[in-house]
Amino acid sequence: MNISGFSSNGLMEKHLKRSDRAKTFVLPNKCFEKHIACAWRRGNNFTIYPRSQTVSKNQGNTSDNKILKVRQEILLFIPILRKLINDSNGVFLSLQKVAENTNSDNQVEFWKLSRQYRSIVRSIIENLQEAAEEESDALTKNSLNSYATIFYSIECIWHLCEILFIKNIPGDVVLPFLLEWVCCHFPSHDQTAAQLLEARERGSEDHPEYWNTVVSLIIQGRIDDARDLLRLHSDSESAEFKLVANSLRTMPVYNIYGGISSGEFTIVWKHWQAECRAILNSQSLSSLPYLQLIMRLLIGDYTAFESICSKYPSWFYLLGGYVLFTRPWSRRRELADAAAACAGLGAAHAHSHLNTVIRALLEGDLHQMIYEIQQMSDNGWFATHLTDMLYHCGKLQVLDEHQTDMTKRLRDSLVLEYGSLVMEHGALWCTGLSYLAACPPEGPRRAELLLERLPLDSEEKAMRIIAEAKKYDLLGVARGGGARWRGAGRVGAALAWAGRARGAGLCAGAAHAALRGYCAGAPLPAADMLLSAGPTLLMDDTLLLLGKYSDFHRLYNNKEFKKAAKLLISLITSKIAPEYFWETLLLDTLPLLESEEPVFSSTETYEILLCLELRAKLLTGEKADLLRLACARNLARTVLLDGVEE
Amino acid sequence: MAQDGNVKVTFVSQKIKKIRWIPEDYAEAQCFFTGSWDDEVNNIKVWILDYINDNEVKYPKDVSTFIVEGNVTEIQFTSKNVIAVSTSDGKVRLLQISEYERKTPLKEAFIWNNLHKIAGRACPCTSLATMEGDIATVGEDGNVNILNSRRGDITRTITEADSCSLHSVCFIKHNEVITGNLRGHMKIWDLRSSDNKPTNSFLFGGDQLATTCIINHPTQPYYILAGSESGAIAMWDLRVNTFPSTLKSHPSGVTEMKFHPENPNKLLTSSLSGELWEWNMEAVMKNTKTTENWIALQDKNTTPTNTLLESFKPLNSFDCNKGNILVAGENEAIHFIKNFKY
């Protein structure tokens, strides 16, 4: 009992969780009061229509019967972001190509491609900002700006990801890159610093932001700039200033190529920090709170970081500085503590989405990170491309609850989803296809289904689709295309398409249509095609008959009666003609039987007679009698001749 | 994509089917036309190469747009400032661009509606060719129309010129056009004769694949080159009735072929497999002449080609003007190649 109760609880929980993620939309004007039904269209489109199980007795309320077409609004399809789709597609394909050959240099290539992705995102942000500036409509402007914000955080996360997982960092010492990341994405007091350093005036401390700027430079690791700025203070010649400046100057910087081991460096570093601590403890700076603050930062004093935290919008600004002054030799995998410490500094602004993602990244929890970035409203562009990148770099390890490796499945499902989404756009099917093709075996199957459903408005497009399908070996797609021609009475085109598709059924259908048309009195179609079709004719018996029959007409019109007769007899004796065509075939022998010069031999005439008798039902009455008579007369002429010829 | 310094890529958010420089008399062209296809709304755009944001490099910027229904299938000049545009709804338009101010919108000088139709319904006009004011159009209905761009009338229609759909056309002389169909069946038509029979016809190859483009040699017009859906490129000497000599072929369909306007020995070809090739035709022509239209097997692979551009996606169209080449394709980008040696 207990167990069942527990499991049902679990189900409920699961159910709740799921319904959390489902979104509810209210249909306008309550248009469907009673029964509705829904049908899927291509892609993420569906149609809702009223449907009643019972036949409505009062016809009065039919007026509010509407059909609603519901589709997903896809952000990526706005013109600016279409550039992103196409541009990134090129990089994606390069990446797949690089991943194919297992070379030791791959890591460098991956890093280059990752930078390309980022530069694409950068240029998209620029484009979005430009467009927003030019836009006069406030609403559009607003949404353009919010798109720019989305892509801004994408670039920021990608950059960190690149540092932590993609880039090949010698010795794994991540600090310089981390500082670069902070400077790049979370600059603070940049302009003030530039201004002050440009002006080079003594007494710069009059600037209201002077001290904040100095502190900012220090926590960004721009120690030299900070010293320059300190020199511009009017008291810079005082002993206290010199003391601090000296501490800054002597700060050891770890360099993997510097020739000292990390152990040695640790000793040097600890020694330096001990010196700093001694200065601080000597109370010599007690009258100068800002210098004191700087020294406290230098020794990695947590309370010092806490005290400046409120001046920055988020803890990311402090991350670089914190690592710099606490554990400058940190390796990539050792950043989680620093992240936790920094995040603890200012609980007030720790709940943003970006915060969660960056925490997950620093903790090395890629699964969590991917889960989070999937929630971003970029239609999965970021999650797909980043996951694919990490997957190929071999940095992604995702295990499910049974500890089986789900990495490939995760990557595939994201790529497939994105590919299908892109394929929804009428013009981008080719791009979408390249994503689907990158995850065999499911991708190509999906692609086949989607390709077949693409609307065809011209042969050109059909040919393109077939060419693309061929590129990815999707052989199922080549069919179709010809059917619409048969309807339009263009037998030649229908046959040509059927021949391309190598579809015997299509060939037969088109050939039957042509033969029936001919029986009904239409001229024999597509002579130019049939006479030059070559091996295509062998695809189907009826088509072969049509081709040869067309050839018979040509011979007959050229007055080559002997050859024409031979061909006709072979058509009759091969018995490949459909029933409805026998009459035509047999009657065609009439003029040849009645010609002045006998063209049929007696044996051939017997064949005709035999067919006539075997198919008595198909040719009756006067026509049959006429044919019999003609045969008899021809026999009379040829029976003796044959003997002579032999 | 590997980019060297001479190629600039601009993404334009539309798939460009045809791209054409607007030639200037004594200078390098600065403006060009593009025609898009396979999108919800397709258009003809005029672009100007311009410096954007104080950059030192010129990038294309669109200055005017002309919306068309259906897909653009071909753009050709009929005179210096007039282009003929065919679309997949069976129409052919003459569009005029102002000679002095390229930014003014295009003016529609003439339109032929329903030029190509099957059983009364419009069907795509697949291609057109121009020669001194005459326009030859072909369509999926298998008809050939000869239009006069000055008078705006249809001078001649060859109905049922082909039972399949026609996909390429080219003027050989004033009174002779050559067409290629879905199966690679090529026919030559004498426009003076009144019966709808071709004067000559031959097959591209046995594979029954479409002829996607036909051009003739600019100085020796009896040399005809045709590109096929299979990627093969073949050359005929119309003076002698022999088999074509097939040149080296692209891995997939040829989309456009063009001789460089300033150098008839330079051929450029683009393909669905995404390459733009440059050919040194001097060697090819010499080869075919000495060996009587037959390239010796050992020479076949040494046909002098050079890859100018490679893309993952099909390249649809290109155009050259002096040392500048514009290439556009399915990746919705315009590639601008500078300093091409012709």
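This structure is a prediction, so every number in the text was calculated from the model and none was measured. Naming: A, B, ... by sequence-line order, numbering from 1 per chain.
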Donor on one side chain, acceptor on other, K313(B) and N86(A), under 3.5 Å: no

Side-chain touch R464(A)/D38(B), heavy atoms, less than 4.5 angstrom: no

Pairwise distance CZ(F77(A)) to OG(S13(B)) - rounded to 0.5 angstrom: 12.0 Å

Polar contact flag, side-chain donor to acceptor under 3.5 angstrom, H167(B)-E459(A): yes

Contacting region of K17(B) [heavy-atom separation from chain A under 4.5 Å]: side chain

Residue selection (most heavy-atom pairs with chain A, distance under 4.5 Å) from R183(B), E229(B), K15(B), E40(B): R183(B)

Reported CG-to-OG1 distance for the pair D87(A) and T10(B), which is rounded to 0.5 angstrom: 10.5 Å

Heavy-atom proximity to chain B below 4.5 Å, by part of S434(A): side chain

NZ-OG distance between K471(A) and S252(B), expressed to the nearest 0.5 angstrom: 8.0 Å

Residues S94(A), F312(B); criterion side chain to side chain contact (heavy atoms under 4.5 Å, CB included); working and verdict: CA-CA 9 Å; S94(A) 307; F312(B) 286 112; 3.4 Å; yes

Heavy atoms of other groups near Q72(A) CD, more than 12 under 6.0 Å: yes

Side chain Q208(B), main chain A496(A), donor-acceptor under 3.5 Å: no

Structural part of T255(B) lying under 4.5 Å from a heavy atom of chain A: side chain

S458(A) vs E140(B) side-chain heavy atoms within contact, under 4.5 Å: yes

Most chain A-contacting option - heavy-atom pairs closer than 4.5 Å, from G142(B), C164(B), A210(B): C164(B)

Rounded distance (nearest 0.5 Å) linking atom CZ of F11(B) with atom CG of N89(A): 9.0 Å

Salt-bridge criterion met for E332(B) and R82(A) (N-O under 4.0 Å): yes

Non-hydrogen side-chain atoms of K461(A) and N71(B) separated by less than 4.5 Å: no

Value rounded to 0.5 Å, distance of SG in C123(B) from CG in D457(A): 12.0 Å

